[in-house]
Amino acid sequence: MQSINLNYNSMQLTPLEIIRRESLQKLRELGINPYPPEEFKTTTSIKQIISNFEEFEGKEVILAGRMMSRRIMGKASFAELKDASGRMQIYINRDEICSDEEAVMYNTVFKKLLDMGDIIGIRGTVFKTNVGEESVKVKELTVLSKSLRPLPVVKTDADGKIHDAFSDAELRYRQRYVDLIVNDTVKETFIKRTKITTSIREFFNERGYLEVETPILQPIPGGAAARPFKTHHNALDMPLYLRIANELYLKRLIVGGFDAVYEFAKDFRNEGMDRTHNPEFTVMELYVAYKDYNWMMNMTEELLEKVALDSNGTTEMKIGKNDVSFKAPYPRVPILEAIRIHTGFDVAGMNDIQLKEVCKKVGVEVDETMGVGKLIDELFGSKCEHHYIQPTFIIDYPKEMSPLTKKHRTNPDLTERFELMVNGKELANAYSELNDPIEQRERFEDQLKLSEKGDDEAMFIDQDFIRALEYGMPPTSGIGIGIDRLVMFMTNNSSIQEVLFFPQMKPEKKAPSVELNDDEKVLLELLKATTPILLNNLKIKSGFSNKKWDKTLKGITKHNLAKVNATDAGLFVEVV
RNA sequence: GACCUGGUAGCUCAGUUGGUAGAGCACCUCCCUUUUAAGGAGGUGGUCCUGGGUUCGAGCCCCAGCCCGGUCACCA
């Protein structure tokens, strides 16, 4: 983008950056390419050495990584090298890496021209220092990439206590690359995230379930109730929406004859952002033919137990202040039972008027647009949800709030649906899927009525999806698991931003321009008319307020267009 | 969207009824061959988020705005 390029061109360098650019130039003058093109072949990784130290001791290794700290002591130095696998100390001795008289590689390149953050390669032998620290004695040093910006300096003391941590949330999210370099725990979070998704894939693939991809750009944003992002396709000249869910597409595939399909889907919802909501987020949805929601509950227990073990090595977890166990089985509580337990009211079979009465009594706010489903959802959400810390299936939701769910086998007012609650939050949502096309059309029409009544979350009708159901979909159970939320639980993070590499942020403000502003131009013209001029006279001529005067004069002196001279006769300003 | 915190050096942070902008680390110069939050001596470095205002004088007070975070509201 043009504006960004302009910003870079007009960027004012800090003294630290200028020094590094000068070092870069000097490296080139010494005939060292600071960005060499050749492959750099390493023989092992830091983690390998640390975890098999006896095997490596005395042997030669070649490593590459970022220099994270440096302690120079005359003719010898220690530095910390960090590669993708870990950190370890390297020992650099002048006479080991240099044979020439001037010892250029040590005295000039290592001591003067390299900086913290530079990427280097080393060849040397593994040894242990007198103090017992595992290290590599460097015999050869190669510059692999010069770093032009100083990294934050984060130090860890002998007790493992971190000093001057790079902790500003805004900087960490905007410059995640820096966060990943200096904050090791951040990297661990994201490695764990991949372990979790890998664990889920393994679980499904072993069962022969098929991983698929379905459209993100959808003409009708179906499968959930949420405000979509809208975009436009130029060639077709039609609106398209970023998907809010992929449910209806996966069910079409079940119609098409796949027994089990799943997708890790980025979904998009144009709604508020907070600690647990990002406009784009990841949901794993799975559909399995010939199963029901009871089967799905059993599978979910098994899956989560495995995910906990694969990612953390245990089913027992600390989430915030709570101890949570993912050991199966999990209790199954009908939603109306939960409401009875936590409010004292049995709302089974109540109509909307009676429900509003109950809401009023227990202090839950309601409005006219709310139907039975929404009222029950509201009661559960504000009075019950937060009580379910241990994994608990809340089951048998009312029909009104579940337009894609099959009617309950014993009670036609309810549906075969469950939500899995963990730590007081929803983690998964699953149904015995509605496969009766005639009833599905009726449910959609009920949603349309809700929408006309003012419910802006009611679902859109997808005619093609109904057509697919009319060809016949086997009885099927489906589930959606919020992956970001699952990762939050498994890594004990309370903010979704901590488990997304690049959480959504408002743009940074523009870098200051080197262009003169209008006030500065005016002042410079005045100055050019009479130069040198007594400072106070120029101030009076400008007519600027004190603050504006001060800022503007500082502005043009900073650009080196004018300077102030102190003489016996007073302060004079002149053009340079 | 509402309310509350905060925004000062590359990083982490101080900053006194409003009176010339500070510390630690980093950086620069010098000393130092198994150190480790290495150490010792000296030094450089600032759009105090932005724009107005009050004042002889604003990092600090007032007004408007921007950005992060938190709480609530909204929301699968």
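Below, all heavy atoms of this structure are taken into account, side chains as well, without hydrogens, waters or symmetry copies. Protein chains get the first letters and strands the later ones, always in sequence-line order, with residue 1 at the start of each.
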Can you check the distance between [N] and [M], where both ends of the measurement are the [atom1] atom (answer in whole Å)?
| N | M | atom1 | result |
| --- | --- | --- | --- |
| B:G15 | B:C60 | P | 15 Å |
| B:C11 | B:G19 | P | 27 Å |
| B:U55 | B:C13 | C1' | 30 Å |
| B:G43 | B:G22 | P | 14 Å |
| B:C3 | B:U44 | C1' | 44 Å |
| B:C32 | B:U50 | C1' | 48 Å |
| B:U8 | B:U71 | P | 23 Å |
| B:C49 | B:A9 | P | 8 Å |

Specify the residues of residues 493-506 of chain A, ordered by number, for which at least one heavy atom lies under 4.0 angstrom from an atom of RNA chain B.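 Those residues whose heavy atoms fall under 4.0 Å from RNA chain B, taken from residues 493-506 of chain A in numerical order, are A:Gln497, A:Met505, A:Lys506.
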
What residues in residues 75-83 of chain A put a non-hydrogen atom under 4.0 Å from any atom of RNA chain B?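 Of all residues in residues 75-83 of chain A, the ones placing a heavy atom under 4.0 Å from RNA chain B are A:Lys75, A:Ala76, A:Phe78.
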
Short side-chain N/O contact from [X] to OP1 or OP2 of [N], under 4.0 Å:
| X | N | result |
| --- | --- | --- |
| A:Arg70 | B:A38 | no |
| A:Lys374 | B:C75 | yes |
| A:Lys112 | B:C27 | no |

When you check the gap from the basic side-chain N to the acidic O, do [X] and [Y] get nearer than 4.0 Å?
| X | Y | answer |
| --- | --- | --- |
| A:Asp184 | A:Lys82 | yes |
| A:Asp446 | A:Arg443 | no |
| A:Arg123 | A:Glu60 | yes |
| A:Lys266 | A:Glu280 | yes |

Does the side chain of [X] pick up a donor-acceptor pair with the side chain of [Y] at under 3.5 Å?
| X | Y | result |
| --- | --- | --- |
| A:Thr214 | A:Glu263 | yes |
| A:Glu498 | A:Tyr173 | yes |
| A:Tyr106 | A:Asp100 | no |
| A:Arg417 | A:Thr405 | no |

Rounded distance in Å - CZ (A:Arg227) to C1' (B:A73):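 Atom-to-atom, A:Arg227 to B:A73, this comes out as 13 Å.
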
Minimum-distance nucleotide to [X] side chain [options: [options]]:
| X | options | result |
| --- | --- | --- |
| A:Asp168 | B:C68, B:G10, B:U12 | B:U12 |
| A:Asp274 | B:A73, B:G69, B:U35 | B:A73 |
| A:Ile19 | B:C27, B:G10, B:U35 | B:C27 |

Considering only nitrogen or oxygen atoms on both sides, find all protein atoms under 3.5 Å from nucleotides 21-25 of chain B and state each distance.
| residue | atom | partner | partner atom | Å |
| --- | --- | --- | --- | --- |
| B:G24 | N2 | A:Asp164 | OD2 | 3.4 |
| B:C25 | O3' | A:Lys155 | NZ | 3.3 |

Return the pairing partner of [N] with a 3.5 Å limit on both distances, Watson-Crick or G-U wobble; otherwise return none.
| N | value |
| --- | --- |
| B:G43 | B:C27 |
| B:A38 | none |
| B:C60 | none |

Categorize [X] for me: base, sugar-phosphate, or nothing, with a 4.0 angstrom heavy-atom threshold over every strand shown.
| X | value |
| --- | --- |
| A:Leu151 | nothing |
| A:Lys161 | nothing |
| A:Phe127 | base |
| A:Leu16 | base |
| A:Ala245 | nothing |
| A:Arg275 | sugar-phosphate |
| A:Arg87 | nothing |

Could you tell me how the ring of A:Phe393 sits relative to the ring of A:Tyr330: parallel (under 30°), tilted (30 to 60°) or perpendicular (over 60°)?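 Judged by the thresholds at 30° and 60°, the geometry between A:Phe393 and A:Tyr330 is tilted.
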
Kindly assign one of parallel, tilted or perpendicular to the pair A:Tyr91 and A:Phe78, based on the angle between their ring planes and the thresholds 30° and 60°. tilted

Upstream residue (5' side of RNA chain B) when A:Ser69 and A:Met116 are each assigned their closest nucleotide: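 Its nearest nucleotide lies further toward 5', so the answer is A:Met116.
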
Let me know, please, whether A:Thr156 or A:Tyr397 comes out on the 5' side of the other along RNA chain B by nearest nucleotide.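 Going by which nucleotide is closer to the 5' end, it is A:Thr156.
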
Rounded distance [0.5 Å steps], [atom1] in [X] versus [atom2] in [Y]:
| X | Y | atom1 | atom2 | value |
| --- | --- | --- | --- | --- |
| A:Leu180 | A:Gln175 | CG | CD | 12.0 Å |
| A:Tyr249 | A:Asp462 | OH | CG | 6.5 Å |
| A:Ser135 | A:Ile49 | OG | CD1 | 10.5 Å |

Start with the C-alpha distance between A:Arg87 and A:Glu80, add both sets of side-chain angles, then the distance that settles salt bridge (Lys or Arg N to Asp or Glu O under 4.0 Å), and finish with yes or no. CA-CA 7 Å; A:Arg87 299 165 178 252; A:Glu80 189 180 25; 3.3 Å; yes

Do the side chain of A:Tyr91 and the base of B:U33 come within less than 3.5 angstrom through a donor-acceptor pair of N or O atoms? yes

